Amino acid sequence: MHQETLQLIQILEKTVSPDKNELEQASNFLEQAAATNLSEFIKTLSDILRHGGNSPVARMAAGLQLKNQLTSKDPNVKLQYQQRWLSFPEEIRTYVKKNIVGALGTETNRPSSAAQCVAYVAVAELPQGQWHGLIATLVTNVVQANSTEMQKEATLEAIGYICQEIDSEVLESQSNAILTAIIHGMRNTEPSNHVRLAATQALLNSLEFTKANFDRETERNFIMEVVCEATQSQDTQIKVAALQCLVKILTLYYQYMEPYMAQALFPITLEAMRSENDAVALQGIEFWSNVSDEEVDLAIEDTEAAEAGRPPTRVSRHYARGALQFIVPILLQKLTKQEELDDEDDWNPSKAAGVCLMLLATCCEDEIVPHVLPFIKDNIKSENWRFRDASLMAFGSILGGLENTTLKPLVEQAMPTLIELMYDSSVIVRDTAAWTFGRICEIIPEAAINETFLKPLLESLINGLKAEPRVAANVCWAFTGLAEAAYEAAEANDETSAPDTYCLSQFFEFIVQRLLETTDRSDGAQANLRPAAYEALMEMVKNSPKDCYVTVQKTTMVILDRLQQVLQMETHITSHSDRSQFNDLQSLLCGTLQSVLRKVSPEDAPQISDAIMTAMLTMFNSNSCKSGGVQEDALMAVSTLVEVLGEGFLKYMDAFKPFLYIGLKNHQEYQVCGTAVGLTGDIFRALKVKALPYCDEIMTLLLENLGDNSVHRSVKPQILSVFGDIVLSIGSEFKKYLDVVLSTLIQASQAQVDRNDFDMIDYLNELREGVLDAYTGIIQGLKGDGPTPHPDVLLLEPHIPYIIQFISLVARDTENSESVIAVAAGIVGDLCSAFGEPMIQFLDNEPINDMLTKGRRSRVSPLQLLLPVDLL
């Protein structure tokens, strides 16, 4: 063995050393080795992994290092690594592949390191049509009589990893071979539970691309038989993995499940739900949650098909309705198995049962009530807190699916008891009671603001704000819904279109004061309480009537004062945890400031704007604004100030512009960049031609962003829309940018995307809408507001054929969003308005007429205003 290989083995063994210095030295050595000669490094690692004489630690570490050179959690880095691997010479790749496949089954540790290496090489090579013999080799490893237990297990692990990581279409042509190996490993005649488990997990990962096998009845029957047998295994891990397969099969192949439901799936999942083993019970509950989810989707599809006058492509078998009487009692029983010292992040059968009940209620609607109501009535006042809590959870869970006629009397009848439970001796019961009120305020708020119950309800909620953080956080959520409900139920003033008063007016100041106190609680970091309290405060202010304005003014000053105090704390922060809480607090204060500013009258806004802007500039200058979240929230707060002040914001522009430019240059955190772009549009709309002195710099930055591939694609449509805002604001002054902007729009309008990718279709619609917004702004901005179009609009004449060609392209596309149609139709009107009757001969073509007709039928109401009637 080479000296270098022996040295590398020693280093790899040190990667598990308890000595920090040794660990660091090993890490540095490995980094250096990879940087010096990566292909040789990978070859040597594969040698160490393959050689059975090396220590298990060295082999496992070699496998880990090799895997880390092939893949990454970061999708961009992962792609780079795959391309790098493919660029290695053929002989090196063949050498490494021979080693890692040869290592399968020779390791003594579980899970197999070689299996991961094989999988990540396969994920790089198979989509490129390379490594042709791999799947056949893996199948042989599993099915040949002389294969060892470790070889079969490691190979099935490799198959499972490949199936999990690779796009399903890559493996569709080899699904028969893969299934042969998997089913062979799953059979109950297989003596090794390790092999059966690896095979069952591989099946779970392969289900997406076995559609052709599920389409064939004989193969489907065989697969279902093997999976159902595996659910009866005495080994819990195999049982759970097999149940996970059933959950996924139900979702992927619902339309084929009828022959199996009554005789197999129903009894298997019912037995699983009853299990005392949490992992097993969770899968049984998950199965019926998925059934409900699927049948809700099918009901929506059925309604849409009926509206379109066509039969649905798939029909619901109403399994959930048929199973209600059997599964609801088990779910209710599981609700009583709460964890006393519950961790929010722990998922257990009790929580899963609550979610399943919600989904069943959405799916089966009123039919669930007779199965749940007796349990609630029998146990809501039980001496055992578990049963009181389970009754509350059941009640809160089913609210979302019921018809209003069933729901209203049910909730009104329960209100006195629910209010009483807000004072329960058990914190868990009070928590669930507060959550239930949150649900009531969200789903049937009229019951909460009912005159009979409002005062005792408010008393119980105010009292709940002083309770444990988990209870108080749910109370805050209830206040959020209550504020919105009260505002919407109030009578609006005809002049202001906002209410003068509402049912919470007499309590408003007291509630706001208590919420402010809650935001300041020393335990506010627990159970997400502080954000919940600020959120409730924002909703209270946002949904406040005229007679509560004095309290809104006072709250504005409190928030401003807090923001100033917080900014002074910057120098006292020492730990990472303190920094994180400090940043969160600044973000919350910025959000609350936006809510109060939107309520401040135009007369009052200038009186406080200096203090607000001073605080904002201090924040932008601080270390906190290096955090993208804080920077984004601060920019949004400035955006609201611009909205409120209008032209009055001009006096802050010189001081603020450096921070706007920093935001526009923040390509790393694209949400910040997007917010800065949106704020740019707000500034131009507010300042109009007074923004001209800043125009050159801003246009340069926006155009640079459009041409920069490192800028996230979601920002680019926003930039195009902002061009429209700028030209509308500065009119003819935009002429010097016109040529470069028009050429950019031509480029953007030619974008093509993968039509099988729904996200990319959405993006194309956003991009086109941005282009159309820009054209709208350019036409209207150059035309001017006068009774006759300004001569500058004639600069657009050479571009009109292209604009009309683009509108026709958009009109012919069958996958347009309604907003794209609305803007495109608006441009048709703008062109006629700017260039007169000669335009009609260019625009009067079939695609555009069809689009306008479609637009008239659209549910988007603004479209009716945009359509040029004279063309139809």
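Excluded from the calculations below are hydrogen atoms, water molecules and symmetry mates; all remaining heavy atoms, backbone and side chain alike, are included. Computed from a predicted model, the values in this text were never measured in an experiment.
Within a 6.0 Å radius of CD in Q752, no more than 12 heavy atoms belonging to other residues, nucleotides or ligands are found. In Q668, the CD atom is not crowded: 12 or fewer heavy atoms of neighbouring residues, nucleotides or ligands sit closer than 6.0 Å. Other residues, nucleotides and ligands place more than 12 heavy atoms under 6.0 Å from the CD atom of E125.
With hydrogens and angles disregarded, no donor-acceptor distance shorter than 3.5 Å links the side chain of S27 to the backbone of E24.
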(Q) For S113 and R59: C-alpha separation, side-chain torsions, deciding distance, then whether side-chain contact (heavy atoms from CB on, under 4.5 Å) applies. (A) CA-CA 8 Å; S113 300; R59 296 181 74 195; over 6 Å; no
Q: Determine, step by step, whether Y254 and Y319 satisfy the ring pair (Phe, Tyr, Trp, His ring centres under 6.0 Å) criterion, reporting the C-alpha distance in whole Å, the side-chain angles of both residues, the deciding distance to 0.1 Å, and the verdict.
A: CA-CA 10 Å; Y254 177 93; Y319 299 132; 5.3 Å; yes
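Ring geometry, Y253 versus F214: the interplanar angle falls under 30°, so the pair is classed parallel (tilted spans 30 to 60°).
Both the sub-6.0 Å distance and the 45° axial angle are satisfied by R220 relative to the ring of Y256. By the 6.0 Å and 45° rule, R713 stacks over the aromatic ring of Y763. A cation-pi arrangement is present between R84 and Y81 under the rule of less than 6.0 angstrom and at most 45 degrees off the ring axis.
Salt bridge annotation for D215-K211: present, with a cationic side-chain nitrogen under 4.0 angstrom from a carboxylate oxygen. Salt bridge annotation for E815-R755: present, with a cationic side-chain nitrogen under 4.0 angstrom from a carboxylate oxygen.
Considering CD of Q65 and CG of L45, their distance stands at 6.5 Å, rounded to 0.5 Å.
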Just distance, no hydrogens or angles: give the donor-acceptor pairs under 3.5 Å from side chains in residues 35-42, sequence neighbours left out.
from, atom 1, to, atom 2, distance (Å)
T36, OG1, Q32, O, 2.6
N37, OD1, S39, OG, 3.3
N37, OD1, E40, N, 3.3

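Residues satisfying the ring pair (Phe, Tyr, Trp, His ring centres under 6.0 Å) criterion with H712, sequence neighbours excluded, are Y670.
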